[in-house]
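Written below as structure tokens is the structure these notes are about.
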Amino acid sequence: MDRLIYTAMTGAKHTMGQQAAVSHNLANATSTGFRAELHKLRAVPVQGEGLATRAFVVDASVASNFEPGPMQNTGRPLDVAVEGKGWLAVQLPDGREAYTRDGSLQLSANGVVQTRSGLPVLGDGGPVTIPPDNEFLVGKDGTISALQAGGAENVINVIGRFKLVNPPEASLVRGDDGLFRLQDGAVAPQDENVRVAGGYLEGSNVSVVDQMVQMISLARQFEMQTKMLQTAEANDRAGAQVLAAR
């Protein structure tokens, strides 16, 4: 009987974990550049001196769906969307690099290009800074060009270039802040093939319909596993009554 309890108990526990991931995905269905989180479960036999007759359910892997989200035209000069594969590099408070697809950027009081959360966006020479009173454009290769207001017409100066990277997706891990990093803590090199679109934002790649269907399926699985625990309890009670009657 304890075999049933082991399987149902761990199954219910990790089903709740999957529900949490689905809820997190749904909460970020409209977040710019968000990547859906995926959980996969598998059964692992309990190792011991006896036969492997019991199994736990474990979270086999926590992965991310790297499929691109829909492109949305905003016309805002500081909005940048990565086309296809690739990432924007940002600088963390401890000086390390992280990667994001959220190109909804803004300028600090000092003219530093940063994310909505205040992290500097990296260029080929460090954080990107834009001079005041300049209009600017972002090229396909991430080059930032500025046109000084009131200056000579058709005089455009290149002031920097976003650092665009494209490390293998299997080497990326999501942090608690939603940013991705290389698992080994290394720094990804610039990839000349990554392209961006200025004036666009990439939407979340979460499919609300798929996530709702998955949520309903997980709710049914949790209910089934709870019933299995109740069945195990009823069987235990009935067995105790039979033994007491003798």
Side-chain angles (χ1 to χ4, degrees), residues 27-36 66-167 172 174-175 177-181 187-206:
N28 287 281
T30 59
S31 298
T32 303
F34 180 79
R35 291 289 177 265
F66 289 106
E67 292 296 321
M71 301 282 279
Q72 302 164 350
N73 184 5
T74 66
R76 182 172 173 267
L78 270 179
D79 285 343
V80 177
V82 179
E83 296 180 331
K85 303 290 185 182
W87 303 83
L88 288 167
V90 298
Q91 188 177 52
L92 298 174
D94 60 4
R96 294 181 299 163
E97 274 191 21
Y99 309 107
T100 181
R101 300 274 298 195
D102 184 356
S104 178
L105 308 179
Q106 60 183 4
L107 289 180
S108 72
N110 297 324
V112 177
V113 180
Q114 59 186 23
T115 63
R116 293 286 183 183
S117 59
L119 297 176
V121 180
L122 292 175
D124 44 12
V128 177
T129 303
I130 294 181
D133 301 328
N134 274 258
E135 298 176 359
F136 51 88
L137 298 171
V138 179
K140 283 282 186 183
D141 60 352
T143 300
I144 306 169
S145 303
L147 173 64
Q148 188 173 9
E153 294 185 0
N154 302 325
V155 177
I156 298 177
N157 299 313
V158 176
I159 59 175
R161 183 181 179 188
F162 288 125
K163 181 179 180 182
L164 304 173
V165 302
N166 188 22
L172 292 172
R174 189 198 309 255
D177 52 9
L179 300 172
F180 286 83
R181 301 160 173 79
V187 175
Q190 176 104 7
D191 190 325
E192 303 294 336
N193 297 318
V194 178
R195 291 291 180 265
V196 297
Y200 281 81
L201 285 178
E202 180 189 14
S204 170
N205 70 349
V206 172

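When a residue number appears, it is its place in the shown sequence, counting from 1.
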Practice task
Of all the heavy-atom pairs spanning Val112 and Pro127, show the shortest one and how long it is.
Solution key: CG1-CB, 4.3 Å
Exercise for the section: Kindly give the heavy-atom pair with the smallest separation between Asp79 and Ser104, and that separation in Å. Expected result: OD1-CA, 3.7 Å
Exercise for the section: Answer with yes or no whether the side chains of Asn110 and Ser108 bring together a donor and an acceptor at under 3.5 Å. Expected result: no
Problem - Between Tyr99 and Glu97, a side-chain donor and acceptor under 3.5 Å - result: yes
Exercise for the section: State, to 0.1 Å, how close Arg181 and Gly175 come at their nearest heavy-atom pair, and which atoms those are. Expected result: NH1-CA, 3.4 Å
Practice task
Nearest 0.5 Å please: distance from the OG atom of Ser31 over to the CG atom of Asp102.
Solution key: 8.0 Å
Practice task
Indicate whether any N or O donor in one side chain lies under 3.5 Å from an N or O acceptor in the other, for Ser204 and Asn28.
Solution key: no
Handout entry: Test item: Trp87 and Pro167 side chains (from C-beta on) under 4.5 Å apart, heavy atoms
Key = yes
Handout entry: Minimum heavy-atom distance between Ser145 and Val158, given as atom pair plus value
Key = OG-CG2, 4.0 Å
Practice task
Please step through side-chain contact (heavy atoms from CB on, under 4.5 Å) for the pair Ile144 and Val128, ending with a clear verdict.
Solution key: CA-CA 9 Å; Ile144 306 169; Val128 177; 3.3 Å; yes
Handout entry: Evaluation steps, side-chain contact (heavy atoms from CB on, under 4.5 Å), between Gln72 and Glu202
Key = CA-CA 6 Å; Gln72 302 164 350; Glu202 180 189 14; over 6 Å; no
Problem - Non-hydrogen side-chain atoms of Thr100 and Val121 separated by less than 4.5 Å - result: no
Problem - Residue pair Asp141, Thr143: steps toward the side chain to side chain donor-acceptor pair (under 3.5 Å) verdict - result: CA-CA 6 Å; Asp141 60 352; Thr143 300; 2.8 Å; yes
Practice task
State which residues pass salt bridge (Lys or Arg N to Asp or Glu O under 4.0 Å) with Glu192; sequence neighbours excluded, sorted by chain then number.
Solution key: Arg161
Problem - Test item: Pro77 and Leu137 side chains (from C-beta on) under 4.5 Å apart, heavy atoms - result: no
Exercise for the section: Answer yes or no: is there an ion pair linking Arg195 with Asp191, defined by an N-O contact shorter than 4.0 Å? Expected result: no
Practice task
Answer yes or no: is there an ion pair linking Glu67 with Arg35, defined by an N-O contact shorter than 4.0 Å?
Solution key: no
Exercise for the section: Please tell me if the side chains of Val206 and Phe34 come closer than 4.5 Å, counting only heavy atoms from C-beta onward. Expected result: yes
Practice task
Could you tell me whether the side chain of Leu107 reaches within less than 4.5 Å of the side chain of Leu78, counting heavy atoms only?
Solution key: yes
Handout entry: CA sep, side-chain torsions, deciding dist, call: Phe162, Leu105, side-chain contact (heavy atoms from CB on, under 4.5 Å)
Key = CA-CA 12 Å; Phe162 288 125; Leu105 308 179; 3.9 Å; yes
Exercise for the section: In sequence, state the C-alpha distance, the side-chain angles, and the governing distance for Leu179 and Leu119, and then conclude on side-chain contact (heavy atoms from CB on, under 4.5 Å). Expected result: CA-CA 11 Å; Leu179 300 172; Leu119 297 176; 3.4 Å; yes
Completion exercise
Correct closest heavy-atom pair for Lys163 and Val187 would be NZ-CG1, 3.3 Å
Exercise for the section: Check whether any side-chain heavy atom of Val113 sits under 4.5 Å from a side-chain heavy atom of Thr129, and report yes or no. Expected result: no
Handout entry: More than 12 heavy atoms of other groups within 6.0 Å of Phe180 CZ
Key = yes
Practice task
Could you tell me the separation between the CG atom of Leu201 and the OG1 atom of Thr32, rounded to the nearest 0.5 Å?
Solution key: 5.0 Å
Practice task
With the side chain counted from C-beta on, respond yes when Leu164 and Leu88 share a heavy-atom pair under 4.5 Å apart, and no when they do not.
Solution key: yes
Problem - Sub-4.5 Å side-chain heavy-atom contact between Leu122 and Val90 - result: no
Practice task
Check whether more than 12 heavy atoms from other residues, nucleotides or ligands sit under 6.0 Å from atom CZ of Arg76, and answer yes or no.
Solution key: yes
Practice task
Considering non-hydrogen atoms only, spot the tightest contact between Met71 and Ala81 and give its length.
Solution key: CE-CB, 3.6 Å
